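To keep things clear, I will list the structure first and then write my remarks on it.
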Amino acid sequence: MTCDLCASDAPLAPFAVTGGPDGAVTQICATCSDQIAKELDPNHWRCLATAMWSETPAAQVLSARLLKRLGDQDWARDLSDQLWLDEETQAWVDAVPAETAHKDSNGAPLHAGDTVVLVKDLPVKGAGFTAKRGTAVRNISLVMDNAEHIEGRVEGQRIVILTKYVKRK
C-alpha cells in the first residue's frame, strides 16, 4: 500500500481524522505525519493535487484541511478553489476541533488519536499493576473538562493519565 497523501511506498500508520465519523483514519507515511504535526514544507505537499480526489473520505478531508493551512501558497489556493466536496464531507472538513490545551511533558500539543509514551512508571490504582516507563499508549482520548488528563489503554485497561507523564511519539 502507499501513503494516502504523498503516495510513497514507506511504512504506513493510521492517522485519525477528527470531526467526522468515530474511528475515521487514513493511512499515511511517517514523513507526512511529522509534517502535519510541525511546520508544513510546501514542496512536499504538492502531492495534494492528487490526494484531494481520493476515494477515501478521510484522505479528502485531511487534504482539504492541509490546503487551508497552506493558504499562503498560490498553488494551494488554486487547488482549494478547484476542490468540490459533497455537503457531508465539507461539514467534516469544517469541523476542525478547537485548539487543545492538552500538552505533553515537553509542551507539544496532544490531539485525540495520538500515540504517547509514558516518561515515568505509573502505579494504576484499582488495577493492581504499574504502567512502565516507555510504554506506548495508542489512540488516546482527551478529557475535555481537564487539560491535564488523557485516557488510553494500558495492558487492556482504560485508564486516565496525567499529561505531565507522557510525551508525544
Side-chain angles (χ1 to χ4, degrees), residues 1-41 44-45 47-48 51 54-66 68-70 92-169:
M1 290 180 42
T2 61
C3 176
D4 287 342
L5 297 178
C6 70
S8 73
D9 278 336
L12 304 178
F15 185 85
V17 183
T18 58
D22 284 341
V25 296
T26 187
Q27 299 292 326
I28 63 173
C29 65
T31 302
C32 288
S33 182
D34 290 344
Q35 287 256 333
I36 290 169
K38 298 177 184 157
E39 181 111 10
L40 300 179
D41 173 19
H44 175 77
W45 294 108
C47 59
L48 294 175
S54 172
E55 303 243 343
T56 309
Q60 287 181 326
V61 169
L62 188 54
S63 296
R65 288 178 180 172
L66 289 168
K68 282 184 183 178
R69 281 181 60 188
L70 290 163
W92 185 4
V93 170
D94 296 337
V96 177
E99 186 60 37
T100 179
H102 291 78
K103 307 250 187 246
D104 72 0
S105 60
N106 296 327
L110 295 172
H111 304 285
D114 281 350
T115 298
V116 296
V117 176
L118 300 178
V119 296
K120 176 182 176 180
D121 287 354
L122 301 174
V124 180
K125 295 179 182 176
F129 70 91
T130 299
K132 299 292 184 191
R133 178 178 176 224
T135 300
V137 182
R138 291 172 177 63
N139 199 20
I140 64 167
S141 299
L142 306 178
V143 176
M144 287 303 154
D145 58 343
N146 191 337
E148 294 180 2
H149 292 171
I150 60 171
E151 292 182 3
R153 285 201 180 278
V154 176
E155 294 187 23
Q157 295 282 334
R158 186 120 180 118
I159 63 171
V160 174
I161 306 167
L162 295 176
T163 57
K164 65 183 178 182
Y165 298 127
V166 300
K167 69 176 180 178
R168 189 165 180 221
K169 189 170 182 185

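Just so you know, residue 1 is the first one in the sequence shown, and it goes up from there. Not measured: the values here are computed from a predicted model.
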With side chains defined as the heavy atoms from C-beta onward, is the minimum distance between [X] and [Y] less than 4.5 Å?
X    : Y    : value
V116 : L110 : yes
T163 : K103 : no
Q35  : L66  : no

Practice task
Answer yes or no: are there more than 12 heavy-atom neighbours, outside R138 itself, under 6.0 Å from its atom CZ?
Solution key: no
Practice task
Indicate the atoms forming the closest heavy-atom contact of C29 with C3, along with that distance.
Solution key: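 For C29 and C3, the tightest heavy-atom pair comes out as N-SG, 3.4 Å.
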Problem - Least distance between heavy atoms, W92 atom then R65 atom - result: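 It is O-NH2, 2.7 Å.
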Problem - Trace of the side chain to side chain contact (heavy atoms under 4.5 Å, CB included) decision for H44 with T31 - result: CA-CA 9 Å; H44 175 77; T31 302; 3.8 Å; yes
Distance, nearest 0.5 Å, that separates [atom1] of [X] from [atom2] of [Y]:
X    : Y    : atom1 : atom2 : answer
L70  : W45  : CG    : CH2   : 8.0 Å
L12  : S33  : CG    : OG    : 11.0 Å
R153 : S141 : CZ    : OG    : 9.5 Å
R133 : L122 : CZ    : CG    : 11.5 Å
K120 : K167 : NZ    : NZ    : 16.0 Å

Between [Y] and [X], is there a salt bridge with N-O shorter than 4.0 Å?
X    : Y    : answer
K68  : D94  : yes
K164 : E148 : no
R168 : D114 : yes

Handout entry: Qualifying residue for side chain to side chain contact (heavy atoms under 4.5 Å, CB included) with L62, from L48, I36, D4
Key =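 Running side chain to side chain contact (heavy atoms under 4.5 Å, CB included) over L48, I36, D4 with L62 returns exactly one hit, I36.
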Problem - K169 and its side chain to side chain contact (heavy atoms under 4.5 Å, CB included) partner, picked from D104, T115, V137 - result: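 Among D104, T115, V137, the one meeting side chain to side chain contact (heavy atoms under 4.5 Å, CB included) with K169 is T115.
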Problem - By salt bridge (Lys or Arg N to Asp or Glu O under 4.0 Å) - contacts of D41 (at least two apart) - result: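 Testing D41 for salt bridge (Lys or Arg N to Asp or Glu O under 4.0 Å), a comparison that skips the adjacent residues, returns none.
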Practice task
Check side-chain hydrogen bond (donor to acceptor under 3.5 Å, both in side chains) between Q27 and all other residues, then give those that pass, not counting sequence neighbours.
Solution key: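 With neighbours one apart ignored, the set is empty.
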